[in-house]
Engineer: 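Would you mind keeping the following structure in view while I ask a few things?
No experiment lies behind these values; they were computed from the predicted model shown.
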Amino acid sequence: MNTARKIESSPYPPFRRQSDRVDAVNQAIARVEREHASRRRRLTIMLVAAVLLIVVNGIVIVALN
């Protein structure tokens with residue numbers, strides 16, 4: 001499942017000041033973080049589930065000995 005999208009060429013106006021560049025970078029970072037929030041949440045849930053499974057397996061192994 002490839003959910004990648006083509007990045008727009010330049011949705012931002014020409015830069016006149018350093019603060020314009022900083023604002024453009026901040027907007028791009030915010031957009032990427034928004035687009036990947038659901039994937040990050042899903043990976044976090046999977047990681048927590050894997051850790052819990054390992055802990056439960058460890059408890060079962062110790063209990064059986």
Engineer: Which value, rounded to the nearest 0.5 Å, describes the distance between R41 atom CZ and M46 atom CE?
Structural biologist: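 So the gap between those two atoms works out to 14.5 Å.
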Engineer: Can you tell me how far the CD1 atom of I59 sits from the CD1 atom of I54, to the nearest 0.5 Å?
Structural biologist: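 Between I59 CD1 and I54 CD1, I get 12.5 Å after rounding to 0.5 Å.
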Engineer: Just one of L52, V51, I45 clears the side chain to side chain contact (heavy atoms under 4.5 Å, CB included) bar with V48, so which one?
Structural biologist: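 Looking at L52, V51, I45, the match for V48 under the side chain to side chain contact (heavy atoms under 4.5 Å, CB included) is L52.
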